Amino acid sequence: MSKLTISSLAFASACLAVQFLPIFTVGSNNLRRTLGESKTPIPSVQGRPGAPFRIAMFADLHFGENAWTDWGPAQDVNSTRVMSTVLDSETPDFVVYLGDLITANNIPITNASLYWDEAISPTRSRRIPWSSVFGNHDDAPFEWPLDWFSAPGIPPLRYPASHSSASGEEACYFGGTSRLTLMKKEIEDNELSYSRSGSHDLWPSISNYVLQVVSSKNSEAPLVYLYFLDSGGGTYPEVISSAQAEWFQHQSEEINPDSSVPELIFWHIPSKAYEEVAPKSGIDKPCVGSINKESVAAQDAELGIMKILEARPSVKAVFVGHNHGLDWCCPYKKLWLCFARHTGYGGYGNWTRGARILEITKDPFSIKSWIRMEDGMVHSEVILSS
């Protein structure tokens, strides 16, 4: 770090003067209606006529990491390049942001949504709709670097370009940005966002909702249901609660009572079932993938969601991020458990970045997946609908 300038001294004094604020709570019934569970029909995403429906998954981007160094902002540039390469190569109909869009524990500013907004910008600029779920780093409390408490002190930050005019006093804050605020900003500011805050009965988990993919020829006939669940972490335990499991069971039985429409599930932190199927060393059939470089870092507890998923023949696969050194898919009971591919340059690990792709074909019906790498290579193709 360089010596403190007058401006960075002002930033430091402003930062240290900030008082911690209480956790944001919802006190308005109108706001509850706005952010709570929708009573309207399930939002529909429609593909292109005559073409399969293609989804790109971006996992563990970690924007905003070490924003006071040269390294941090450079990683955000690299992450943007990876997403742009994948989007231009695959031209997906939809994008799923699979958690840890930002590293909130490294972001000492009032509105971490600025980094969240930067993370979704490659998709938004191409007019591709998307949805997001939360990871354990997205609202994690700020972690004070030890070297800030010795000379030369708190360094100046490098903000996203859209925030470059903010003063230290306006921007500095160590209380974090809540899940609710992050999601509210994404939804309000982006017409292409299909994300939802979910029912307030499930709080503190937020990103719990369902979408349907419909045929370009028949918008009334769902091709597949996409379920998104908040697997916790950050400001509360890493877990999918029994209430969330019951919510999924109620929703799926209500809208797909005979399990005739396939269902795909997305959350960030792998369940303990992933530990059961994890390859011991290399990746051998029936598993499919290219890297198996660490142990599964599973949720803190299993509170019922997997038993419900196992019992539904319509559930074809679960997709998670979190483990940067894993990208395999393995069968579990009658469904598949899959990792995405580490997309962002933030976070740990030096494995080549990429993204998991899903392709859903109507006739004959199939769900196929593969991994597109930042260098253009494609590998690990697997059929998930058999």
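In this chain, numbering begins with 1 at the start of the sequence shown. Values in this document were obtained by computation on a predicted structure and should not be read as measured data.
- In this structure, CG in Leu335 is found 9.0 Å from CD1 in Ile265, a value given to the nearest 0.5 Å.
- Rounding to the nearest 0.5 Å gives a distance of 9.0 Å between NE2 of His137 and CG of Asn106.
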*Is there a side chain to side chain contact (heavy atoms under 4.5 Å, CB included) between Phe228 and Leu226 once you walk through the steps?*
CA-CA 7 Å; Phe228 303 86; Leu226 309 178; 3.7 Å; yes

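- Side-chain N or O atoms of Glu254 include none that pairs as donor or acceptor with a backbone N or O of Gln251 at under 3.5 Å.
- Ring geometry for His324 versus Tyr348: interplanar angle under 30°, hence parallel rather than tilted (30 to 60°).
- Residues Phe266 and Leu229 form no side-chain contact, since every pair of their non-hydrogen atoms from C-beta on lies 4.5 Å or further apart.
- Here the side chains of Trp130 and Ile120 are in contact, with some heavy-atom distance below 4.5 Å.
- In this structure, Ser216 and Gly47 approach most closely via the heavy-atom pair CB-O, 3.7 Å.
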*Given side chain to side chain contact (heavy atoms under 4.5 Å, CB included), test Asp230 with Trp267 step by step and report yes or no.*
CA-CA 6 Å; Asp230 189 338; Trp267 66 65; over 6 Å; no

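- Side-chain contact of Ser132 with Glu186: a donor-acceptor pair under 3.5 Å is present, judged by distance alone.
- There is no path of hydrophobic side-chain contacts, each under 4.5 Å, that joins Val320 to Met57.
- Within the 3.5 Å criterion, the main-chain N or O of Pro122 finds a donor-acceptor partner in the side chain of Ser125.
- Around CG of Asp88, the count of heavy atoms belonging to other residues, nucleotides or ligands within 6.0 Å exceeds 12.
- Clustering ILVMFWY residues whenever any of their side-chain heavy atoms sit less than 4.5 angstrom apart, transitively, puts Leu87 in the very cluster that holds Tyr97.
- Here the side chain of Ser199 pairs a donor or acceptor atom with the backbone of Asp201 at under 3.5 angstrom.
- The shortest side-chain heavy-atom distance between Glu302 and Ile305 falls under the 4.5 Å cut-off.
- Residues Tyr225 and Ile42 meet the side-chain proximity criterion, which asks for heavy atoms closer than 4.5 Å.
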_Evaluate Gln299 against Ser271 for side-chain hydrogen bond (donor to acceptor under 3.5 Å, both in side chains), listing each step before the verdict._
CA-CA 5 Å; Gln299 296 170 30; Ser271 66; 5.3 Å; no

*Determine, stepwise, if the pair Trp370 / Leu358 fulfils side chain to side chain contact (heavy atoms under 4.5 Å, CB included).*
CA-CA 7 Å; Trp370 61 87; Leu358 278 177; over 6 Å; no

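- Across all non-hydrogen atoms, the minimal contact from Cys330 to Val277 is SG-O, 3.7 Å.
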*Determine, step by step, whether Lys272 and Glu276 satisfy the salt bridge (Lys or Arg N to Asp or Glu O under 4.0 Å) criterion, reporting the C-alpha distance in whole Å, the side-chain angles of both residues, the deciding distance to 0.1 Å, and the verdict.*
CA-CA 7 Å; Lys272 290 188 177 296; Glu276 296 180 33; over 6 Å; no

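- Residues Glu263 and Ser252 approach most closely at OE2-CB, 3.8 Å, considering heavy atoms.
- Of the N and O atoms on the side chains of Ser121 and Glu118, not one donor lies less than 3.5 Å from an acceptor on the other residue.
- The distance from the OG1 atom of Thr85 to the CE atom of Met373 is 11.5 Å, given to the nearest 0.5 Å.
- With Cys329, the cysteine Cys338 has an SG gap short of 2.5 Å.
- Annotation: cation-pi pair Arg353/Tyr345 present, NZ/CZ under 6.0 Å from the ring centroid and within 45° of its normal.
- Between His322 and Asp60, the side chains place no donor N or O within less than 3.5 Å of an acceptor N or O (distance only, hydrogens not considered).
- Once rounded to the nearest 0.5 Å, the distance linking CZ of Phe63 with CG of Asp117 reads 10.5 Å.
- Neither side chain, Thr69 nor Asn66, offers a donor N or O lying under 3.5 Å from an acceptor on the other.
- Leu180 and Val133 fall into different hydrophobic clusters, where Ile, Leu, Val, Met, Phe, Trp and Tyr side chains are chained together by heavy-atom contacts under 4.5 Å.
- Thr181 and Ser113 make their closest contact through O-OG, 4.2 Å (heavy atoms, listed as atom of the first residue, atom of the second, distance).
- Between Trp336 and Lys316 there is no side-chain heavy-atom pair separated by less than 4.5 Å.
- Looking at Glu310 and Lys334, no side-chain N of the basic residue comes within less than 4.0 Å of a carboxylate O on the acidic one, giving no salt bridge.
- Counting heavy atoms from C-beta outward, Asp138 and Trp116 have side chains that approach closer than 4.5 Å.
- For the atom pair Leu309 CG and Leu337 CG, the distance stands at 9.0 Å (nearest 0.5 Å).
- Residues Ser369 and Glu381 fail the side-chain proximity criterion, which asks for heavy atoms closer than 4.5 Å.
- For the residue pair Thr235 / Asp139, a side-chain donor-acceptor distance below 3.5 Å is found, with atom types taken as modelled.
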*Give the intermediate values and the outcome of side chain to side chain contact (heavy atoms under 4.5 Å, CB included) for residues Ser195 and Met183.*
CA-CA 8 Å; Ser195 301; Met183 187 60 80; 3.4 Å; yes

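- The aromatic rings of Phe339 and Tyr274 sit perpendicular to each other, their planes meeting at more than 60°, with 30° as the lower class boundary.
- The aromatic rings of Trp148 and Phe142 are tilted relative to each other, their planes meeting at an angle between 30° and 60°.
- Using a distance-only test at 3.5 Å, with no hydrogens or angles considered, a donor-acceptor pair links the side chain of Asp100 to the main chain of Asn136.
- Relative to the ring axis of Phe53, Arg48 does not place its NZ or CZ within 45° and under 6.0 Å from the centre.
- Side-chain contact between Phe365 and Leu223 is present, with at least one heavy-atom pair separated by less than 4.5 Å.
- Between Arg356 and Ser380, the side chains place no donor N or O within less than 3.5 Å of an acceptor N or O (distance only, hydrogens not considered).
- Counting only distance, with no hydrogens or angles, the side chain of Asp300 and the backbone of Glu238 share a donor-acceptor pair below 3.5 Å.
- Grouping the Ile, Leu, Val, Met, Phe, Trp and Tyr side chains by contacts below 4.5 angstrom, directly or via other members, places Ile371 apart from Leu264.
- Taking OG1 of Thr123 as the start and CE of Met83 as the end, the distance is 6.5 Å to the nearest 0.5 Å.
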*asked:* Apply salt bridge (Lys or Arg N to Asp or Glu O under 4.0 Å) to residues Arg54 and Asp93 and explain how you reach the verdict.
replied: CA-CA 5 Å; Arg54 189 170 291 181; Asp93 301 282; over 6 Å; no

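- Between Asp258 and Ser260, the side chains place a donor N or O and an acceptor N or O closer than 3.5 Å (distance only, hydrogens not considered).
- Side-chain N or O atoms of Glu143 include none that pairs as donor or acceptor with a backbone N or O of Asn105 at under 3.5 Å.
- When atom types are taken as modelled, the side chain of Asn323 and the backbone of Ser295 share a donor-acceptor pair closer than 3.5 angstrom.
- Using modelled atom types, no side-chain atom of Glu374 and backbone atom of Thr352 make a donor-acceptor pair closer than 3.5 Å.
- Looking at Glu191 and Arg124, no side-chain N of the basic residue comes within less than 4.0 Å of a carboxylate O on the acidic one, giving no salt bridge.
- Placement of Ile55 and Leu101 in two distinct hydrophobic clusters is found when ILVMFWY residues are connected by side-chain heavy-atom separations under 4.5 Å, directly or transitively.
- Looking at every heavy atom in both residues, Ile367 comes nearest to Ser385 through N-OG, 3.0 Å.
- Taking all atoms of both residues into account, the shortest heavy-atom contact from Arg312 to Ser259 is NH2-OG, 3.3 Å.
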